[in-house]
Enquirer: 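For reference, the structure I am asking about is given below.
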Number of protein chains: 2
Amino acid sequence: MTKSGSILSSGKAPNTRLRARYWLETPADPRKVAETIAGEQSTGTFVRLAPEVEARAARCDAVVESVQEVEGAPHASLPTARRAGDVPVRRALIELSWSEENFGCSLPNLMATVAGNLFELRDVTGLRLLTLNLPDGYAARYPGPQFGVTGTRRLAGVRAGPLVGTIIKPSVGLSPEQTAAMVATLCEGGIDFIKDDELQADGPHCPFEARVHAVMRVVNDHAARTGKKPMVAFNITDDLDAMRRHHDTVLAHEGTCVMVSVNSIGLAGLAYLRRHCALPIHAHRNGWGYLSRHPALGFDYAAWQVLWRLAGADHMHVNGLRNKFSEPDESVIASARALAEPLFSEGLPGYAAMPVFSSGQWAGQAADTYRALGSDDLIYTCGGGIVAHPGGIAAGVESVRAAWQAAARGQAVQEAAVGNAALRQALDFFGK
Amino acid sequence: MTKSGSILSSGKAPNTRLRARYWLETPADPRKVAETIAGEQSTGTFVRLAPEVEARAARCDAVVESVQEVEGAPHASLPTARRAGDVPVRRALIELSWSEENFGCSLPNLMATVAGNLFELRDVTGLRLLTLNLPDGYAARYPGPQFGVTGTRRLAGVRAGPLVGTIIKPSVGLSPEQTAAMVATLCEGGIDFIKDDELQADGPHCPFEARVHAVMRVVNDHAARTGKKPMVAFNITDDLDAMRRHHDTVLAHEGTCVMVSVNSIGLAGLAYLRRHCALPIHAHRNGWGYLSRHPALGFDYAAWQVLWRLAGADHMHVNGLRNKFSEPDESVIASARALAEPLFSEGLPGYAAMPVFSSGQWAGQAADTYRALGSDDLIYTCGGGIVAHPGGIAAGVESVRAAWQAAARGQAVQEAAVGNAALRQALDFFGK
């Protein structure tokens, strides 16, 4: 690794290496397997090379930076064809690094390097990508989030506290007019943020153009009357030409946010959208379960979210405390914290994204979420927690907002509820 | 499901439903969980709906077509937050269906429907998408593979037998000139097909433009001299603007194939490329392990490949018999067979893609591959099996071709080797 090259304003040499940490499980020697992976993912070959080729290739070797063995197990996590029956396995935390010169600053090619033909290696019975550290060169090639927390707050007109939001349900089955009617009720209720469901993009029952037209008339009217314009995240997920067209439709109707299912459009798709986008990008992670649900395979969110922030996501879903899915609370908080970690060396932009909490959320999780995160720079979307509030939608919104205000001033939610009927009702109704 | 609508030439009503089969594991009642999934992925909501909304939404309900319970297990495959400790689980094959009217004919939105927020449901301790059947409407929106077997054979000038191919190694570390020198040797050796490695796209050591220029000069010279033009799959994986530019570069230099890492560019990325592409698309599946390696999670290849054929893949990787990875042989063959299954109803194009066998391949697997597949409409890429052949590259190519010719005429490879020194050498050297 050369020490020459451009020097950042901080006076430090730029980071020119890509670093990836993995949890590895193998019936073999973890160090040898780490070296196999490093070879497979850089200069490995099946023949002896000519000396001049050898010399050049050696500069491109991936490096095994560290192998820290941890406690093993009597059985392999993933099946393997070679070994019949169960075998004891060893486990280790390994770190590999690559020079950015191997692949240039290209997100799709980075992906093939750190998460390519690794997970199916014979001697691998478990492999999970834990963290990713990017070379600083990526900051020049990818602009990252365009709006982040500050831009989102400005567009939504919410200076402090979380954006209190909800989701249009049923996700399919509403016409554009029915959707707009629901949005009108939500606006009246004082909501900050509304999102399409990931199942509704441009279906025949609710065509995109007609929906945006109907919904934004309601939103713009409400803004003209009250001065408050809720942010609506329209689901533009589609083929890329359609996605650009949908984006332009939202912009033309003075909408303030677009949403995409990132696993459906892919990394290159999001990077493409970002370059043509004038609105915050709300990144929905549906499908995350198939990438993460087995602890011995796939991705930790800490590594995965780096890719999407780099590609341009402004808002990223992180699930919520006491959610309806299988994810434990500490994992949710770790995900939200990861979104604030700087992607590059000191002196370069951090590319922070805004966490989106959802799934089974209501006023009841505000205090714990705030305490764990130490911040309310987030979007907090409640479904039933707002629209099924016994006092109606306005009371639902009020209950969530009051709970977050109490959390921010360190007041117990039960105490805050003494002077707030909507919050009291929420605690009685949802807190059972 | 309506029986009206356009009638195909076959006289049958078109298929307007999307069908997905899953393997499901749950500590609960599999039928109830299937219904939960159907609700989550269509019209589920948290409140009572107005009657007119209810009526419309009912038409969009996903349908549980069947639940076939199979043998359960004493322990859950995937961890779940709710239940402490191990619980016995039930397992079932379930089939769900959706009307295409729910989401229109859009590949990214189909993805969010069949592989969205499902895998992390609390009552799911295992979920794997086994098969996908598409509504016929997708055939009008997506053109599918542009070249397939016939177009590939024509461009490569290979009328019968597999395209015998190899990979440029080391994947990183060669300059454009060194790459071209290796290609020259391979052309002299009689190769049909050469591919870039998935780690080499447009790295600073081997810039794309310069590599194409150097390699295609060699290939075009060889074609002018001999009348045979090997197909080179150049790895154009990158951000989409760069990908289009790379494609145009290959075309301008009279190249005949482009390669992409499909998990890096995403479904929308491949569909975008297909619409602007004039060359066969060689689809590399690196990363497939994180989508498939645990049998209780993710995708079977039979379901996954449908998405990429629809998006436009002409060639798709399927691994190889006795490969260096963990995949069993029967899985490899099932994958290759799946690529030939028609995607739509009778009377519509089938969208077949050409299987690419690779990983540890040499002459030795030809007979078993042919016997299992009943076809040699495939690309057969050998690394060491060709370039490390003790008689040199020409002998390596000859040994592979001879083995396939023997397989096609039903002759044992040992017998064929009696009159073929290259094959004899391969059996002696690689067959240990």
Side-chain angles (χ1 to χ4, degrees), chain A residues 42-43 45-47 53 56-57 60 78 80-81 101-104 106 108-109 111-113 115-117 119-122 169-170 172-173 178 198-199 201-205 237-240 261 264-269 271-272 286-287 289-290 293-294 297-298 325-328 383-384 387-388, chain B residues 42-43 45-47 53 56-57 60 78 80-81 101-104 106 108-109 111-113 115-117 119-122 169-170 172-173 178 198-199 201-205 237-240 261 264-269 271-272 286-287 289-290 293-294 297-298 325-328 383-384 387-388:
Chain A
S42 59
T43 55
T45 182
F46 16 70
V47 285
V53 178
R56 177 188 274 271
C60 301
L78 303 173
T80 171
E101 301 222 332
N102 281 25
F103 39 83
S106 162
N109 291 308
M111 187 74 179
T113 300
N117 276 344
F119 302 87
E120 53 267 76
L121 291 173
R122 270 195 189 185
K169 291 268 184 180
V172 287
Q178 287 168 335
E198 75 271 17
L199 297 177
D202 188 24
H205 290 305
T237 304
D238 214 320
D239 289 329
L240 301 184
S261 293
S264 297
I265 66 165
L267 268 178
Y272 175 84
N286 66 84
Y290 67 68
R293 179 82 193 271
H294 196 287
L297 185 65
F325 296 115
S326 55
E327 186 176 1
V387 302
Chain B
S42 58
T43 56
T45 181
F46 15 71
V47 286
V53 178
R56 176 187 276 271
C60 302
L78 303 173
T80 171
E101 301 221 332
N102 281 27
F103 39 82
S106 162
N109 292 307
M111 187 74 179
T113 301
N117 276 345
F119 302 88
E120 51 266 76
L121 292 173
R122 270 197 188 183
K169 290 267 185 180
V172 285
Q178 287 168 336
E198 73 273 17
L199 298 177
D202 188 24
H205 289 305
T237 304
D238 212 320
D239 290 329
L240 301 184
S261 293
S264 298
I265 66 166
L267 268 178
Y272 175 83
N286 66 83
Y290 66 69
R293 178 83 192 271
H294 195 288
L297 184 65
F325 296 115
S326 55
E327 186 177 3
V387 302

Enquirer: Step by step, would you call A/D202 with B/F103 a side chain to side chain contact (heavy atoms under 4.5 Å, CB included)?
Expert: CA-CA 6 Å; A/D202 188 24; B/F103 39 82; over 6 Å; no
Enquirer: Name the region of B/A271, side chain, backbone, both or neither, that has any atom closer than 4.5 Å to a heavy atom of chain A.
Expert: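 When you check distances to chain A, only side chain atoms of B/A271 fall under 4.5 Å.
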Enquirer: For A/L199 and B/S42, work out which heavy atoms get closest and say how close.
Expert: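 Distance-wise, the nearest heavy atoms are CD1-N, 3.6 Å.
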Enquirer: Let me confirm one number: the CD-CZ distance from A/E120 to B/R293, rounded to the nearest 0.5 Å.
Expert: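 So the gap between those two atoms works out to 7.5 Å.
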Enquirer: How far apart are the closest heavy atoms of A/A112 and B/S261, and which atoms are they?
Expert: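 So the two residues come closest at CB-OG, 4.1 Å.
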Enquirer: Any side-chain heavy atom of A/I265 sitting closer than 4.5 Å to one from B/L267?
Expert: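 Contact flag for A/I265/B/L267 side chains = no.
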Enquirer: I'd like to know if the side chain of B/S326 reaches the main chain of A/R122, judged simply by a donor and an acceptor atom lying under 3.5 Å from each other, with no hydrogens or angles considered.
Expert: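 No: the side chain of B/S326 does not pair with the backbone of A/R122.
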Enquirer: Identify which part of B/Q178 has an atom lying under 4.5 Å from any heavy atom of chain A, answering side chain, backbone, both or neither.
Expert: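 Contact with chain A involves the side chain of B/Q178 alone.
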Enquirer: Name the member of B/A115, B/G266, B/P170 that forms the most heavy-atom pairs with chain A at distances under 4.5 Å.
Expert: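 Max contact count across the listed options: B/P170.
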Enquirer: Quick one: are the ring centres of B/Y290 and A/Y290 less than 6.0 Å apart?
Expert: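 B/Y290 vs A/Y290: aromatic centres not under 6.0 Å.
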Enquirer: What residue in A/G203, A/S106, A/G104, A/A268 has the most heavy-atom pairs under 4.5 Å with chain B?
Expert: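 That would be A/A268.
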Enquirer: Take A/C60 and B/H205, measure what side chain to side chain contact (heavy atoms under 4.5 Å, CB included) needs, and give me the verdict at the end.
Expert: CA-CA 9 Å; A/C60 301; B/H205 289 305; 3.5 Å; yes
Enquirer: Only pairs of heavy atoms separated by less than 4.5 Å count here; which of B/S264, B/G116, B/G287, B/A201 has the most with chain A?
Expert: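 Looking at each option in turn, the highest pair count goes to B/S264.
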Enquirer: Which atom pair, heavy atoms only, marks the closest approach of A/N286 to B/N117?
Expert: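 Nearest heavy atoms, A/N286 then B/N117: CA-OD1, 3.4 Å.
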Enquirer: Between A/T237 and chain B, which part of the residue has a heavy atom less than 4.5 Å away: side chain, backbone, both or neither?
Expert: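 Both backbone and side chain.
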Enquirer: Against chain A, label B/L297 side chain, backbone, both or neither, depending on which of its atoms sit under 4.5 Å from a heavy atom there.
Expert: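 For B/L297, the contact with chain A is made by the side chain alone.
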